[in-house]
Every structure is written in structure tokens, then in C-alpha cells.
2 protein chains.
Amino acid sequence: MAVSIDDLCGEYVREHRADIRIKKEAVAVRNVRAIVSAALKLSCRKGFDAMSLRDLSRESGLSMGALYSYFSSKEELLVLIQSLGRKAVERILRSHIEGESEPRARLRVAVRTHLYLSELLKDWFYFFFMEARRLEDRFRSAAMQSELLTEGIIIDILDEGIRAGVFHELNSALAGSVIKAMMQDWYLKRWKYARRRISVDEYADFVISVVEAFAMEPAMV
Amino acid sequence: MAVSIDDLCGEYVREHRADIRIKKEAVAVRNVRAIVSAALKLSCRKGFDAMSLRDLSRESGLSMGALYSYFSSKEELLVLIQSLGRKAVERILRSHIEGESEPRARLRVAVRTHLYLSELLKDWFYFFFMEARRLEDRFRSAAMQSELLTEGIIIDILDEGIRAGVFHELNSALAGSVIKAMMQDWYLKRWKYARRRISVDEYADFVISVVEAFAMEPAMV
DNA sequence: GTCTATAGTGCGATAGAC
DNA sequence: GTCTATCGCACTATAGAC
């Protein structure tokens, strides 16, 4: 699963060559990386609003003026980080789940992949959640669609499993919601799980066991 | 369960008579109510940072100057809302659970009471979660303690039930975490459940069914 | 491309009239 | 008690030197 801040920033620069004033790709990627990395770090501490561009300038090592070569307003920077990361996450999540066909295995892979991905990109996921309401309407609805999309993947798997008789009759919409809630807790309460020395694998195993206890026919557990 | 914004604000005024410059209690309660109510409304839309005191002045109907008769800085207003609401919530939650003694009933009451309370005080709960990281260290650690306290209530009930043989052997700390996560989803994703016309009762029943499927011995489900 | 310096804005907070 | 008026400051954003 080759995905990191570097990869995502490289992808962004190549897709937005026209909007960025910097000609050398290597320079652009390096600086975008520094900016996004610094912005995530500072925002996750105190929030995007509380982060001033002076803070961002200091943390990223670029001057105020240089920052504006990469985005044209603070709002645009917010949208950049949100949409860039989200698109990448959706793509990766989908590609991993497609490998499995049997519902029970698909459900396990979906939960585990989501947790691994959110572990790898903790700051991004936290940022998506906490800063989504600061977006303008058109971008916020994209964020809501994204919440529903991830959940929809889970719901589809559950419905498939019910039809196949692997899972018993259950409210798949509500089940999808609470499964998503459990997965989100991993990156929303990092401090708690870190303090208790719970690994992402332990957490994944536990969530899967809860989900299966509820969804599986007793005879198959 | 007599608890509302009015009750909490009245309680605050009586406890902080010394700090508030207004002499008439009736006036003070009315204005504190207007301020807190407006602050919650505005903060839950765009965040506490994004809410200016001019916005708050407009929404509450008090002038900038008048606002400063009730708090001495924006930071103090944040702490006021956080600590006031949180203390009240903890007290109410504890008092309701004490009524039950049998582990299974206690668990059901704990989940249901928490959900009802978060329904009644949606804005407060949302505010606690989203604005906690803006607090100074000493206040933020109080917020973290509160997260652990609510979760601790659940964990204690689970441990009791395991000892009594009502629940099977399970990792009660992890179970407490994910139960808390499911309960929190109710007020963190209000837009989603409202859109789907899910009532708090439906949600409570569902969460309880998930928890019991996992925690109960198969024979007792 | 990146810098420094600064323009222009809106903020939190306060003083003083009523 | 509450208001209006205003202060000083920190912010976003930009202009112009290098």
C-alpha cells in the first residue's frame, strides 16, 4: 500500500501544474509537501482556524509570500488538503476491497483496510473530520458524500451477505453507521489508544469480532 | 429528567454570583442563557474560533460591552460552557444508573440514558467534542478525564457482568471504547440520522442489540 | 522563486456616556 | 446594566526588491 504524504502531494502537483506558479516540479513537490505536512501538524493541534499563516510559514520554512505561490487563499489551502486526501483514500479503499468476493472476508478486509489506512494517514483523517464544517456548502456536501460513501461500502457488503445467507437479517444502514463509528474512533481518540498501548491490529481484531458477533448467524460464529 | 439550557445557566449564575457584575439574578440568568444559547448555536455551525464576539453580540441581543459583564475573555466563555455542561451531564448520568443493580439492565440504562441526554443536549455534546482541543492544557485534561469517566461507567458495568457470569469473558476496556464510540456517533452525525429519519429510540435499541450480541453468552441472547 | 515590508481588515477588549 | 465608540493588535493578502 504505497501511500504517504509525499505521494499525495506529488499527485497534487502533477494534476495542478497550471494553477501553480512554480516551474520546476521537484521544487514544487518539495514545498507542497512541506506546506501540507506543516498545515496538518498545526491544524491537528489547535484547529485550522487557530493556525495563522505566520505559524505555517515558520513551520514549513517558507515565507509568507512564498506560501501564496502554492495557494491563493487560506480557504483554498483547506479545500486542497480535504479534497486531495479524500480522493486518494477512497481510491485506495475501493481497490483493496475488490480483491475479495466472499462477504465475510470482504467485511473483514474493509474494516481492516480502513483502520490501517487511517493509521497510516492519521492526521489526514483527523483533519477531514474536524475541519469539514469549515468548508463552504459545495465542498462540505462533498465531505458528507464521502462519509456516506465509505459507509455505503460497508452497507453493500452487509446486504450481499444477508442475501447470501451468511449474515442474518439486520438493519444494514444502522449497522453500517455504527461500524463506521467504531472505525472512526481509532483516529479521533488517538491519545486514548496510545496511552493504553493498543495496537491497530488489536483494535481491528476487536472491531471485527464485535461486528461478526452481531452479524453472523450464531451457528457460523 | 429536568435539565435544559435554562437549568444549567441558572445553576451557573448562582454558583458564580461573585464573578458576575450583575446584581439582579433574574437579569443575569436571562442574559447568561441568551449568551450560552447563542454561543452554542454559532459554534456548532462553524466552530468557536470562527464565531466572533460581534456575531455573538448580534445573536444574543447584547452589546459587545454587555457581554463582558458576564465573562472577561473569549477563552473564559469557552471554559464556562465546557465545564458547566460537563459537570451537569456527569451528575445526571451517574444518578440514573444507580437505580439499577442487575448488570444487563444497568448496561441498557447506561446506553439509553446517555443517548437520551445527548439528544436533549445535542449542541452541548457536540461542542464538548469539537472544541475540547482549543482548551488550555489544564482544562483539556479535564475534558479527557470526562471521556474516560463516561467510558469507565460502561467498563465497570461490563466487569461486574463478567464476574456475575452474565457476560462472557471479553476485553472490557476495548468494549467500553467502542460502545462510547457508537453513542457519540448519535450527536456527531446528527445530519445523517436526521436525514434518514432515525429516532433516538431506534438508535438506542440498535446499539443495545449490538452490545448484547457481543457481550452476552449465546445461550442468554 | 523567494524574500521583506506593508497595506488593509476585522478582531478582542475597554473606556466612558447614559 | 447597557450602550456606542474606539484602541491596539494580529491577521490575510500583496507589492516590489532581489
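Because the structure is a prediction, the values reported are computed rather than measured. Just so we're on the same page: letters track the sequence lines, and every chain starts at 1.
Across residues 21-33 of chain B, B:I22, B:K23, B:K24, B:V27, B:N31 each have a non-hydrogen atom less than 4.0 Å from an atom of DNA chain D (numbered order).
Side chains of A:I35 and A:F71 form a contact here, defined as non-hydrogen atoms less than 4.5 Å apart. Residues A:Y68 and A:L62 are not in side-chain contact: their nearest non-hydrogen atoms beyond the backbone lie 4.5 Å or more apart. Here the side chains of B:V89 and B:F128 are in contact, with some heavy-atom distance below 4.5 Å. The shortest distance between side-chain heavy atoms of A:L174 and B:Y193 falls below 4.5 Å.
We find that CG of B:L67 is positioned 10 Å from P of D:dT2, with the value rounded to whole Å. Here D:dT14 presents its C1' atom at 15 Å from CD of A:E76, a figure rounded to the nearest Å.
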Please list each protein N or O that sits under 3.5 Å from an N or O in nucleotides 16-18 of chain D, with the distance.
none

Identify the pairs formed between an N or O of the protein and an N or O of nucleotides 10-12 of chain C at a distance under 3.5 Å, and give each distance.
from	atom 1	to	atom 2	distance (Å)
C:dG12	OP1	B:K74	NZ	3.1
C:dG12	OP2	B:L53	N	2.8
C:dG12	N7	B:R54	NH1	3.0
C:dG12	O6	B:R54	NH2	3.0

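With rounding to the nearest 0.5 angstrom, the OG atom of A:S37 is 10.0 Å from the CG atom of A:L56. Put simply, CD1 on A:I153 and CD1 on A:I97 are 4.5 Å apart, with the number rounded to the nearest 0.5 Å.
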_Does B:D123 form a side-chain hydrogen bond (donor to acceptor under 3.5 Å, both in side chains) with B:Y187? I'd like the steps, not just the answer._
CA-CA 8 Å; B:D123 287 344; B:Y187 58 86; over 6 Å; no
_Could you walk me through whether B:H114 and B:F125 satisfy the ring-ring contact (aromatic ring centres under 6.0 Å, His included) test, starting with their C-alpha distance in whole Å, then the side-chain angles of each, then the deciding distance to 0.1 Å, before giving a yes or no?_
CA-CA 11 Å; B:H114 193 281; B:F125 276 73; 5.6 Å; yes
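Seen from the ring of B:Y12, B:K87 does not count as a face-on cation partner, given the 6.0 Å and 45° thresholds.
Here A:K74 does not pair with A:D49 in a salt bridge; the nearest charged N to carboxylate O distance is not below 4.0 Å. In summary, B:R133 and A:E131 engage in a salt bridge, as defined by a charged side-chain N under 4.0 Å from a carboxylate O.
Note on the helix from C:dG1-D:dC18 to C:dC18-D:dG1: terminal axis deviation equals 0°, with five pairs used at each end and the result rounded to 10°.
Residues passing the salt bridge (charged side-chain N to carboxylate O under 4.0 Å, His left out) test with B:R58 are B:D55, sequence neighbours excluded.
A:Y70 comes within 4.0 angstrom of sugar-phosphate atoms only, judged by non-hydrogen atoms across all strands, and of no base.
Pairs of residues two or more places apart, or lying in two chains, that qualify as side chain to side chain donor-acceptor pair (under 3.5 Å) and include a residue from residues 171-183 of chain A are A:E147-A:K180, A:E151-A:S177, A:D159-A:S172, A:S177-B:R196.
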